[in-house]
Amino acid sequence: MPVARPTEALEIVRFELHEESFGIDAGLVIEVFHAAEVTPLPHAPSHVRGLTNRMGEILPLLDLAPLLGLEPIGASAAGATRCVVIGRDRRPDFGFLVSGVSGVSFVSEAGLLPLPEGTAGGTARDFVKGVTAEALIVLDGDLILRDPRLVVSMDS
Amino acid sequence: MQSLLAEVSGRRFALPLNLVRKVLPAMAVTPVANAPHVVDGIVEIRGQLHAVVSVARALGLGNGEIAADHHFVLAKVGELLLALHVDRALSVIDLDEAGLVPFAEVLPGASGPSGAVARAGDELLVVHDLPSFLSLRETQATGEVLARHAEARS
């Protein structure tokens with residue numbers, strides 16, 4: 001029997017950065033893929049891992065972990081890099097590295113709790129909508145896509 | 001755009017040929033104090049001091065130990081004479097400028113690295129901007145290293 005969508009629920013894609021579980025608005029997720037090759041760049045900020053080729057399209061690959069107060073994500077042992085591609089209107093803005101993806105589920109936005117004191121500071125708090133009772137940190141994807149450090153500007 | 005195709009740690013990239021002066025086999029490097037992290041040391045080539053830049057370290061691709069079959073790509077960037085240490089200089093290629101995508105069009109954030117990227121089949125080929133290959137601080141420190149050793153020599 002299918003699970004009914006709860007009222008006021010937010011559909012999220014669940015993923016892991018190291019040991020922490022996160023969720024992001026599924027409406028912003030375009031796909032999850034393995035970047036076979038990441039092209040590194042000199043002097044790129046620590047959250048910019050490089051560029052990758054996604055079906056002939058040049059896609060920046062970011063590491064959100066340092067912006068969330070976590071250690072950077074390392075490439076997997078297989079040499080491939082799993083990432084979640086996000087963007088508005090089905091147009092990819094960037095991919096970000098994840099340790100794993102665990103599925104899609106619904107969370108109640110009204111039931112989200114504030115991030116406990118001491119768990120993360122600074123930028124991390126800015127990006128967080130709240131935490132579920134199961135300790136899943138729900139990110140604010142719109143804020144992430146609007147962050148000046150993460151927006152692609154052709155005027156730069 | 002005429003470019004030199006080179007390889008470091010299995011990754012290929014291009015350098016604009018207009019700033020490249022010569023490609024030589026790698027040679028013994030004199031380590032120097034107070035050099036930036038990306039500078040291995042200095043070499044004297046035809047009476048001129050060059051700072052040896054580890055492209056591997058600049059790109060975060062490991063320590064980039066110098067081996068006998070490696071190459072130095074000599075380039076003049078501003079007043080600096082550089083010997084860019086690469087695993088191999090492969091060939092000169094002609095890149096279609098219309099197909100080059102500047103980093104600013106694909107990278108987030110206002111202050112990113114300079115350069116462009118070209119699609120070569122499934123591969124992304126980065127065309128590094130030599131004048132900004134070293135950061136401002138690295139450029140300054142490298143200039144000081146070269147000046148200090150040139151003075152000591154004279």
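Only this structure's heavy atoms are used, side chains among them; waters, hydrogens and symmetry mates stay out. Here is how names work: the chains are called A, B, and so on, in the same order as the sequence lines, proteins then strands, and each is numbered from 1.
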Undergrad: How many angstroms lie between atom CG of B/L15 and atom CG of B/L19, to the nearest 0.5 angstrom?
TA: 9.5 Å
Undergrad: Considering non-hydrogen atoms only, spot the tightest contact between B/G143 and B/L80 and give its length.
TA: CA-CD2, 3.5 Å
Undergrad: Main chain of B/L146, side chain of B/H149: is a donor-acceptor contact present, judged purely on distance under 3.5 Å?
TA: no
Undergrad: Less than 4.5 Å apart, any side-chain heavy atom of B/F133 and any of B/V77?
TA: no
Undergrad: Name the region of B/E138, side chain, backbone, both or neither, that has any atom closer than 4.5 Å to a heavy atom of chain A.
TA: side chain
Undergrad: Closest approach of A/V101 and A/E16, non-hydrogen atoms and distance?
TA: N-OE1, 4.0 Å
Undergrad: In terms of heavy-atom pairs under 4.5 Å, which option from B/V126, B/L124, B/L134 contacts chain A the most?
TA: B/L124
Undergrad: A/V48, A/L61, A/N53: which one forms the most heavy-atom pairs within less than 4.5 Å of chain B?
TA: A/N53
Undergrad: Is it true that a side-chain atom of A/T52 and a backbone atom of A/E37 form a donor plus acceptor pair closer than 3.5 Å?
TA: yes
Undergrad: Holding to salt bridge (charged side-chain N to carboxylate O under 4.0 Å, His left out), I want the full list of residues that pass it with B/R119, two or more places apart in sequence or in another chain.
TA: none
Undergrad: Who in residues 29-61 of chain B is close to chain A, using a strict under-4.5 Å heavy-atom cut-off?
TA: B/A58, B/L59, B/L61
